[in-house]
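Let me begin by presenting the structure, written as structure tokens, before commenting on it.
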Amino acid sequence: MTGIQRVTGMQDVLPEDRRYWDLILATAGQLAAEYGFQRIDVPVLEYTSLFVRGVGEASDFFVNKEMYTVVEDEGDSLTLRPEFTAGIVRAYLENGLHNWVQPVKLYAVGPIFRRERPQAGRFRQHSQFNVEILGEDDPATDLEVMLLAATLYRRLGYGQVMFQLNSTGCPACKPAYVEKLRAYLAAYEDRLAPVDQERLRRNPLRIMDSKEPGMEAILAQAPHIGDHLCPDCADHFAELRGLLDNVGQAYRVNYRLVRGIDYYVKTVFEVWGEGIGAQAALTGGGRYDGLAEAIGGPRTPGIGFGAGIERIVLALAARGVPPPEAPPVPVLLAHFGGETKSAAAALAFRLREAGIPARLAFSRGRRSLKSQMREANKVAASVVVILGDAELAAGEVAMRPLAGGEQTTVPLAGDAVERWLRAHLA
RNA sequence: GCGGGUGUAGCGUAGCGGUUAACGCGUCUGGUUGUGGCCCAGAAGACCGUGGGUUCGAAUCCCACCACUCGCCCCA
């Protein structure tokens, strides 16, 4: 072990796992295109004030000091993005995307940084597939975004998913509900755990998903948001549910579903997975109609979600979905060094230019053919092209199929080698 | 930030006070001059997480720290 190691909470994605990533990202990109989303890339680094104003100082990111605030620059500090949405809304405003045909449908892929304590399925750097619809508050946009998420899991072979769904209200109805909840919970204050007593003061809503012992009974009788939505929120929620029912997408209304980010209004949802430890959420999202205004822009409704790539990998593996196979290297070129190595290296280059992936055997000196054959077997090559002294002198190469079949020779000149390989590699 | 668990070669493990730290897998090389998978032989690879301490002697006992891991919190 060397003296240098990974930073806590960071992961190396080795080729085997990386193949899952390729599958997930290719599937997600394809799906996004089908749904009419275009890819956007926004910086990993943003001014801290974007998150102060967008995500909110009362959010857990700030309260728990979860953000990586890295450098001071021109009087404003910079922060590694702890989520995607604020940056995307910032880009929407800054680049005048409100002048595009509305709504604007965007997706992004990349790393997110949160300085939490690592755990199964939770890392300090993780990657998200993030989808947003900006400039429209039709509940049908909520539906589209949710269906995109559900379809992603189905296409990946994970299976059908069930949404946890709630409406978190809006500035017109949420404050009154929160007060009602606070009043209800205050009556039980002496029975609340210290964390929950703290939440009672700071954000009573969070107590709704408390896992402290004894809370079940108290919460069962608690007033829930569903009964206190304003007409606008209630209509929105009802219409969304109707749309989901109409397409047969499974969901469960969960009045305890609460978010740690302040900007969410109306719709909030999550998809829970299995096999990834206590961190069950594969996807989380919701509506943020007030976010654009919070960061200084005109009112711009929006809805979106983030899906955690690492968690999807864990969930797929737990479900027994095998990772895609490594692409085989069809051809290995064996030689005996010297002139033959030179000729083999040139032939390898020639084959690749012709679109045939080729692996050249390496060796400082002469290396036994047996050893090179073993290498070919290990990398699952289909054919070993042998370019030895005898072949070179005769101006030909030996074609040795590994899966059986006769070894033959073909001329090195011209395109005989390419034609033989194309015919035999299927 | 708070709890529990674990740290011996790339991976999985053994050794748990006493000479050059063992085994399996993997890697590399070879098994008569140039042919894979099985088998055989050999090699490389470990400052036994780090730093202190106890002891004639420590991978083995004690302490601290670090890392990883599981959970709380929160989420993806």
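Naming: A, B, ... by sequence-line order, numbering from 1 per chain. These figures come from a predicted structure and were not determined experimentally.
- When the P atom is compared between B:A44 and B:U32, the two are found 23 Å apart, to the nearest whole Å.
- A salt bridge is absent between A:E83 and A:R114: the closest approach of a Lys/Arg side-chain nitrogen to an acidic carboxylate oxygen does not fall below 4.0 angstrom.
- B:G15 sits 38 Å from B:C73 when the P atoms are compared, rounded to a whole Å.
- Test A:F129, A:Y35, A:F37 against A:Y107 for ring pair (Phe, Tyr, Trp, His ring centres under 6.0 Å) and you get one pass: A:F129.
- Mapped onto RNA chain B by nearest heavy atom, A:E270 and A:D389 fall at different nucleotides, with A:D389 at the one closer to the 5' end.
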Validation: residues 388-403 of chain A side-chain donor-acceptor distances under 3.5 Å, sequence neighbours left out:
residue : atom : partner : partner atom : Å
A:E391  : OE1  : A:G388  : N            : 3.1

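- For A:I386, whose side chain is taken as the heavy atoms from C-beta onward, the closest listed nucleotide among B:U69, B:A76, B:G34 is B:G34.
- Paired regions of RNA chain B, where each region holds three or more successive Watson-Crick or G-U pairs whose two hydrogen-bonding distances fall under 3.5 Å, are B:1-7 with B:66-72, B:10-13 with B:22-25, B:27-31 with B:39-43, B:49-53 with B:61-65.
- Taking atom P in both B:A46 and B:A9, the straight-line distance is 10 Å, to the nearest Å.
- Remark: A:E325 does not engage A:R19 in a salt bridge, criterion side-chain N to carboxylate O under 4.0 Å.
- Near RNA chain B, defined here as any heavy-atom distance below 4.0 Å, the residues from residues 394-412 of chain A are A:R400, A:L402, A:Q407, listed numerically.
- Spacing of C1' atoms, B:U13 relative to B:C48, comes out at 13 Å, to the nearest Å.
- A:F163 is linked by a ring-ring contact (aromatic ring centres under 6.0 Å, His included) to A:F269, counting only residues two or more places apart in sequence or in another chain.
- Distances from the side chain of A:R367 to the nucleotides B:U29, B:G34, B:A76 place B:U29 closest.
- Dashed line: the shortest gap from a side-chain N or O of A:K378 to OP1 or OP2 of B:C28 is under 4.0 Å.
- One can place CE of A:M67 at 17 Å from P of B:G1, the figure rounded to the nearest angstrom.
- A:G9 comes within 4.0 angstrom of the backbone, heavy atoms only, and of no base.
- Spacing between atom CZ of A:F84 and atom C1' of B:A76 amounts to 12 Å, rounded to whole angstrom units.
- A close approach under 4.0 Å does not occur between any side-chain nitrogen or oxygen of A:T283 and OP1 or OP2 of B:A76.
- For A:R366, counting side-chain heavy atoms from C-beta on, the closest listed nucleotide (B:C74, B:A76, B:U33) is B:U33.
- Straight-line distance between the P atoms of B:U8 and B:C68: roughly 14 Å, to the nearest whole Å.
- Using atom C1' as the reference point in both B:A21 and B:U60, the two lie 11 Å apart (nearest Å).
- Nearest heavy atom pair, residue A:P82 against residue A:M67, reads CG-SD, 3.6 Å.
- Following rounding to the nearest Å, A:L369 (CG) and B:G34 (P) show an atom-to-atom distance of 8 Å.
- Annotation: A:E16, atom CD; neighbour count of heavy atoms from other residues, nucleotides and ligands within 6.0 Å does not exceed 12.
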>> Let's go through A:Y188 and A:Y184 carefully: what are the C-alpha distance in whole Å and the side-chain angles of both, what is the deciding distance for ring pair (Phe, Tyr, Trp, His ring centres under 6.0 Å) to 0.1 Å, and is it a yes or a no?
In response: CA-CA 8 Å; A:Y188 297 93; A:Y184 169 81; 5.2 Å; yes
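- In this structure, A:E391 reaches the bases: a heavy-atom distance under 4.0 Å links it to at least one base atom across the strands shown.
- For A:F336, the listed nucleotide lying nearest its side chain is B:G34; candidates were B:U29, B:G34, B:A76.
- For A:R117 against B:C72, no side-chain N or O and base N or O form a donor-acceptor pair under 3.5 Å.
- Residue side chain A:Q119 does not reach the base of B:C68 through any donor-acceptor N/O pair under 3.5 Å, judged by distance alone.
- Residues A:P301 and A:D137 come closest through the heavy atom pair CB-CB, 3.7 Å.
- Taking every side-chain heavy atom of A:A120 into account, B:G71 is the closest of B:A76, B:G71, B:G37.
- Within 4.0 Å of A:F305, counting heavy atoms only, lies no atom of the nucleic acid at all.
- Regarding A:H335, its NE2 atom lies at a distance of 15 Å from the C1' atom of B:U35, rounded to whole Å.
- Among the protein residues, A:V379 comes within range of no part of the nucleic acid, since none of its heavy atoms lies under 4.0 Å from any strand.
- Between A:W420 and A:H424, the angle of the ring planes stays under 30°, which puts this pair in the parallel group of the 30/60° scheme.
- Taking atom CD1 of A:I207 as the reference point, atom C1' of B:C74 lies 15 Å away to the nearest angstrom.
- Ion pairing between A:K174 and A:E179 fails under the 4.0 Å rule for side-chain N and carboxylate O.
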Just the atom pairs and distances: protein N or O near nucleotides 38-43 of chain B's N or O, under 3.5 Å.
none

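- For the pair A:L14 CG and B:G26 C1', the interatomic distance rounds to 15 Å; values are reported in whole Å.
- Counting any heavy atom pair closer than 4.0 Å across all strands shown, A:I112 reaches no nucleic acid atom.
- Counting any heavy atom pair closer than 4.0 Å across all strands shown, A:A390 reaches a base atom.
- When the side-chain hydrogen bond (donor to acceptor under 3.5 Å, both in side chains) test is applied to A:E94, the partners found at least two apart in sequence or on another chain are A:R90.
- Between A:C170 and A:P175 the shortest heavy-atom distance is O-CD, 3.8 Å.
- Side-chain to base pairing of A:R114 with B:A76: one donor and one acceptor N or O lie within less than 3.5 Å of each other.
- The separation between A:D12 atom CG and B:G10 atom P is 15 Å, rounded to whole Å.
- Counting to the nearest Å, the C1' atom of B:U27 and the CD atom of A:Q372 are 17 Å from each other.
- A:S368 comes within contact range of the sugar-phosphate backbone alone, with a heavy-atom separation under 4.0 Å but no base atom that close.
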